[in-house]
Protein chains: 2
Amino acid sequence: MEVRHRTRKLYTDFNAYIRRNRKRFLIKQDPKVIWLTGLSGAGKTTIAEALEKEILRKGYFTKSFDGDIMREGINKDLGYSLEDRKENIRRTAEIAKIFMEYGSIVICSFITPTEEIRKIARNIIGRNNFIEIYVNAPLEVCEKRDPKGLYKKARNGLLKDFTGLDSEFEPPVQPDIELRTDLWPVKKCVKYMMIYILPQIKFRKKGWFRIK
Amino acid sequence: MEVRHRTRKLYTDFNAYIRRNRKRFLIKQDPKVIWLTGLSGAGKTTIAEALEKEILRKGYFTKSFDGDIMREGINKDLGYSLEDRKENIRRTAEIAKIFMEYGSIVICSFITPTEEIRKIARNIIGRNNFIEIYVNAPLEVCEKRDPKGLYKKARNGLLKDFTGLDSEFEPPVQPDIELRTDLWPVKKCVKYMMIYILPQIKFRKKGWFRIK
């Protein structure tokens, strides 16, 4: 097996720095966590998917997380009590942070119903890297859409602690972006978000460090 | 803002497929999870760091996890009881899996003391993607090295359930690689591992799908 030591000098003092940043230079982006909050049925997943496509099309790397996927794997031991919701968000935020530090733009779609819970995520990820998007549609609209039939179940008493009905949703106090998904088509929402997001994820030191 | 729709056709039917695989094509590697198991002081972290350097030098993407880092963030709610150790490994394996599916070669350094616990990780990640490396040094050697002073603490009764002393370490039954870190220098260990690992992480369909 071929073992070359040409570049070994690189890995003495600056080892950790280079290793961490090499990924960023390769990917050429400033990693952020984009956090979508809103009621069930407000359109978080739809918006997230459309946004991810658009960001990928621009040549950036993304990673998406949403509640259902997380609850199938790492968070399958958690329920829907307030404590469990907090733990769900805490773990998700920690994982999102690992991905962000890895160089990826992370898109998280979670109801994150209260300011307290959103604060957990924001504090773990860090205010400067956290883009909070309020996916806003009135409860009546969400209930009418009811893509997963959850509102119906909750109305029939089959689901407890359902956000919007018997569990409160606090609208975000100061989201970076608010989308009215009942008034705007998805395209317009994506366009609106990209105007804000694109300058933030653009890598500013393009080209000064080149990996062949 | 400029919005082009040239590549939109790409994202209709094969959307999910392309999105998932685009990362692999860009990265050009077959993602695996390399799991280092062994006693505290056996050299897992040293080996993992040297291995990561070597894999990075070959032009691949890696992500490392080790027990101490995980316990500072996502697993800070866990202790060292058997149940908590299992949960620690379960979560780690789920995160390693997410990273692997993202296209990354993942290196995990965890004591993972019993076959049962290693099985948890192996089952989550999948046998075919799991490379088990037994970092083996006799207990006396590990205790003599004692890089973090943990053996001393444990001998003085300050640490409970310490693997190797009052908590058992079961040697892996059939590791993919066994390293004798008491006999071999780090360089030799890395060389030995790379012979096995390199053919497995090489991307085989190089070039048939090109991203500019």
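Residue numbers start from 1 in every chain, and the chains themselves are labelled A, B, ... in the order their sequence lines are given, proteins ahead of strands.
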Does a side-chain heavy-atom distance below 4.5 Å link A:Ile98 with B:Lys63?
yes
Can you find a pair of side-chain heavy atoms, one from B:Arg90 and one from A:Asp77, that are under 4.5 Å apart?
yes
Parallel, tilted or perpendicular: which fits the ring planes of A:Phe99 and B:Tyr102, with parallel below 30° and perpendicular above 60°?
perpendicular
